[in-house]
Amino acid sequence: MIVQLCGLSGAGKTTLAKSVKSKLLLHGVNTEIVDGDVYREVLCKDLGFSKEDRIENIRRLGFVASRLSANGVVVIISAINPYEEARSEMTRLYRNVKTVHIDCAINELIQRDTKGLYKKALLPDGHPEKLNNLTGINDRFDIPENPDLRLNTGMQTQDVCASELFHFISTQLAADTFYFKKQLAQRYS
Ligand SMILES: Nc1ncnc2c1ncn2[C@@H]1O[C@H](COP(=O)(O)OS(=O)(=O)O)[C@@H](OP(=O)(O)O)[C@H]1O
Ligand SMILES: Nc1ncnc2c1ncn2[C@@H]1O[C@H](COP(=O)(O)OP(=O)(O)O)[C@@H](O)[C@H]1O
């Protein structure tokens, strides 16, 4: 199973992915986080933040996720993943992909600004330190219309969001296991 999170910087993707990974591990579910920030230091080092590069970034993360997932690992892709076309490509290419929107109002994100990126993006035009392509401020984010799950981290606590995500993944896993068992039973009956 591949869970592709999407959401603006600071929305809570990494925080929730880590929390849910710990919960899943406690239940014996092998889980891996494929985090945009981390992969941009290694496998995606050559990529920037143009539309083409972001799409290529998601393609690479999706490929890694698919190999892990094919070997029974639950994979949580934690990236901004802003374009609908990249997200639907993922669901088209790979089996059992779920899309989860980690939503949060932009004003709340500007207040959190854990990395100082929003401050830079909101600098006046022409300022030498201005960030000109921060998703949600001056770059596009396609809000998913029908995600499998949407969590709002500005309206609900971290604990509630993590529990909801954990519950969602566990339920999907149980359904998938049931489906596989049924297929096996049919094949060998
Ligand atoms: N211009 C711009 N826009 C968005 N994000 C920026 C930008 N510049 C740097 N960063 C940092 O890069 C992280 C996003 O990388 P991703 O791989 O998740 O992005 S994407 O899915 O390819 O759009 C993002 O990480 P998160 O804050 O964890 O989302 C930022 O820390
Ligand atoms: N309900 C919530 N869920 C997740 N994170 C939250 C929530 N409320 C506040 N936060 C805070 O928001 C920040 C999210 O940062 P991070 O997980 O790195 O975001 P992202 O990976 O989306 O860039 C953290 O400092 C976290 O403590």
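Every number for a ligand or one of its atoms is a count from 1 in the order of the listing. Computed over heavy atoms, backbone and side chain alike; hydrogens, waters and symmetry mates excluded. Keep in mind the model is a prediction, meaning the values are calculated, not measured.
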Polar proximity ligand 1 side, T14 side, N/O cut 3.5 Å exclusive: no
Atom NE2 of H27 with >12 non-hydrogen neighbours under 6.0 angstrom: no
Distance, nearest 0.5 Å, that separates CG of L131 from NZ of K115: 12.0 Å
For atom 19 (O) of ligand 2, the protein heavy atom that lies nearest, with its residue and separation: G12 N, 3.1 Å
Transitive ILVMFWY side-chain link V100 to V34, under 4.5 Å: no
Subset of ligand 1 atoms that lie under 4.0 Å from at least one heavy atom of N133: 1 (N), 2 (C), 3 (N)
Atoms in ligand 1 flagged as close to P82, the criterion being non-hydrogen separation under 4.0 Å: 21 (O), 23 (O)
Heavy-atom gap L134 to ligand 1 smaller than 4.0 Å: yes
Within-cut-off N or O pair, A11 and ligand 2, under 3.5 Å: yes
NZ/K119: more than 12 non-hydrogen atoms of other groups inside 6.0 Å: no
N/O separation below 3.5 Å, K115 to ligand 2: no
Nearest protein heavy atom with distance in Å, relative to atom 27 (O) of ligand 2: Q158 OE1, 3.3 Å
Close approach of S78 to ligand 2, heavy atoms, under 4.0 angstrom: no
Atoms of ligand 2 close to T153 [distance to a heavy atom under 4.0 angstrom, numbered from 1]: 1 (N), 2 (C), 3 (N), 7 (C), 8 (N)
For C161, atoms of ligand 2 separated by under 4.0 Å from a heavy atom: 1 (N)
Contact partition for C44 relative to ligand 1, non-hydrogen atoms under 4.0 Å: neither
Close-contact set for ligand 1 against N57 heavy atoms, below 4.0 Å: 16 (P), 17 (O), 20 (S), 21 (O), 22 (O)
Salt bridge present between R40 and D46 (N-O < 4.0 angstrom): no
S78 N/O under 3.5 Å from ligand 1 N/O: no
Distance (rounded to the nearest 0.5 Å) between F141 CZ and L8 CG: 5.5 Å
Option set R112, E108, M155, K18, criterion heavy-atom distance to atom 8 (N) of ligand 2, minimum: R112
Minimum non-hydrogen distance to atom 9 (C) of ligand 1, winning option of Y39, F141, F49, Y83: F49
Nearest-0.5 Å distance that lies between atom CZ in F166 and atom CG in L16: 14.0 Å
K13: numbered ligand 1 atoms lying under 4.0 Å from its heavy atoms: 29 (O)
Winner among N152, L16, T14, L117 once heavy atoms are compared against atom 18 (O) of ligand 2: T14
Polar side chain donor-acceptor pair, S69 to R95, under 3.5 angstrom: no
M90 with I169, same ILVMFWY side-chain cluster at under 4.5 Å: no
Which of the ligand 2 atoms, numbered from 1, are nearer than 4.0 Å to a heavy atom of T114: 25 (O)
Distance-only N or O hit between ligand 2 and K13, under 3.5 Å: yes
Atoms in ligand 1 with a heavy atom of K115 nearer than 4.0 Å: 25 (O), 26 (P), 27 (O), 28 (O), 31 (O)
I58, portion touching ligand 1 at heavy-atom distance under 4.0 Å: side chain
N or O contact, S9 vs ligand 2, cut-off under 3.5 Å: no
Closest to atom 14 (C) of ligand 1 (judged by heavy-atom distance), picking from N138, I80, L117: I80
salt_bridge(K45, E41) N-O dist < 4.0 Å: no
Where ligand 1 meets S9 - atom numbers and elements under 4.0 angstrom, heavy-atom basis: 26 (P), 27 (O), 29 (O)
Within-shell test, G7 vs ligand 2, heavy atom, strictly < 4.0 Å: no
Cluster link V160 to L165, ILVMFWY, side chain under 4.5 Å: no
Spacing of SG belonging to C6 relative to CD1 belonging to I80, to within rounding of 0.5 Å: 10.5 Å
Modelled atom types, side-chain donor and acceptor of D176 and N96, under 3.5 Å: yes
Greater than 12 external heavy atoms within 6.0 Å of K98's NZ: yes
A79: numbered ligand 1 atoms lying under 4.0 Å from its heavy atoms: 18 (O), 21 (O)
Contact check, L8 vs ligand 2, heavy-atom distance below 4.0 Å: yes
Atoms in ligand 2 with a heavy atom of Q156 nearer than 4.0 Å: 1 (N)
Over 12 foreign heavy atoms within 6.0 Å of CG, L25: yes
Where ligand 1 meets T135 - atom numbers and elements under 4.0 angstrom, heavy-atom basis: 3 (N), 4 (C)
Verdict with reasoning, D35 to K13, per salt bridge (charged side-chain N to carboxylate O under 4.0 Å, His left out): CA-CA 9 Å; D35 194 305; K13 304 179 296 292; over 6 Å; no
Nearest non-hydrogen protein atom, atom 14 (C) of ligand 2: G10 O, 3.3 Å
Salt bridge present between R67 and E32 (N-O < 4.0 angstrom): no
Closest protein heavy atom to atom 23 (O) of ligand 1, given as residue, atom name and distance to 0.1 Å: R54 NH1, 2.8 Å
Shortest protein contact, atom 21 (O) of ligand 1 (heavy atom only): N81 N, 2.8 Å
Lys/Arg-Asp/Glu bridge criterion (N-O < 4.0 Å) met for D142, R140: yes
Option of least heavy-atom distance to atom 15 (O) of ligand 1 (set: Q4, R40, K120): R40
L165, T15, T157: member with heavy atom nearest to atom 16 (P) of ligand 2: T15
Hydrophobic cluster membership, V75 vs L93, 4.5 Å side-chain cutoff: yes
Donor-acceptor pair, side chain of S163 and main chain of C161, under 3.5 angstrom: no
For atom 24 (C) of ligand 1, the protein heavy atom that lies nearest, with its residue and separation: D37 OD1, 3.7 Å
